[in-house]
Amino acid sequence: MTETQNSAQERVWQIVKAIPPGKIATYGQIARLAGMPTHARLVGKILRALPVGTALPWHRVVNSQGKLTNPNRAEQKVRLQAEGIVSVSGRINPRRYGWQV
DNA sequence: TGTTTGACGGACA
DNA sequence: CTGTCCGCCAAAC
């Protein structure tokens, strides 16, 4: 494993960890903040590799359409609701819950 | 080293 | 609104 891979991974972790409670961010947004504007999919890949029970708020990451696309979306929805994030018709309103950086 | 995959995104019908 | 298509590119295969 190279250092660039490592730092990319750590940057993503750092950014996800910085998402405020009650807010959500998109994969593309995280990729851009990490300096990899074209690697939204890589963000998903990195999050997928997180250990179960990680302290990172992975549940605050959704796609650009405000939808939950991960394999564990049921759990994610529960966690989001626990933070007061309401989805309308299966979507999250970015105007209210989007993470303004 | 060539091919496929994918927690994406945006354009389009 | 839903569904389809394509560009993207590191990883996995």
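Lettering of chains follows the sequences in order, A, B, ..., and the numbering in each one begins at 1.
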May I ask you to verify if any side-chain N or O of [X] is less than 4.0 angstrom from the OP1 or OP2 atom of [N]?
| X | N | value |
| --- | --- | --- |
| A:S64 | B:dG9 | yes |
| A:T38 | C:dG7 | no |
| A:H39 | C:dA10 | yes |
| A:T69 | B:dC8 | yes |

Roughly how many Å is it from [atom1] in [X] to [atom2] in [N], rounded to a whole number?
| X | N | atom1 | atom2 | value |
| --- | --- | --- | --- | --- |
| A:K45 | C:dA10 | NZ | C1' | 8 Å |
| A:L42 | C:dC9 | CG | P | 12 Å |
| A:Q29 | B:dC8 | CD | P | 15 Å |
| A:Y27 | B:dG10 | OH | P | 14 Å |
| A:I24 | B:dC8 | CD1 | P | 14 Å |
| A:N63 | B:dG6 | CG | P | 17 Å |
| A:R41 | B:dG6 | CZ | P | 9 Å |
| A:R32 | C:dC9 | CZ | C1' | 17 Å |

A:Q29 side-chain N/O to A:W99 backbone N/O, donor-acceptor pair under 3.5 Å: yes

Residue mapping more 5' on DNA chain B - nearest nucleotide basis, A:Q65 or A:A49: A:A49

Side chain proximity check, A:R60 to A:P21, heavy atoms < 4.5 angstrom: yes

Passing option when A:E75 is tested against A:K77, A:R73, A:R79 for salt bridge (charged side-chain N to carboxylate O under 4.0 Å, His left out): A:R79

Sugar-phosphate, base or nothing in reach of A:R91, heavy atoms under 4.0 Å: sugar-phosphate

Full working for side-chain contact (heavy atoms from CB on, under 4.5 Å) between A:Y27 and A:T69: CA-CA 11 Å; A:Y27 297 95; A:T69 59; 4.2 Å; yes

Linked, directly or transitively: A:V61 and A:L68 (ILVMFWY side chains, under 4.5 Å): no

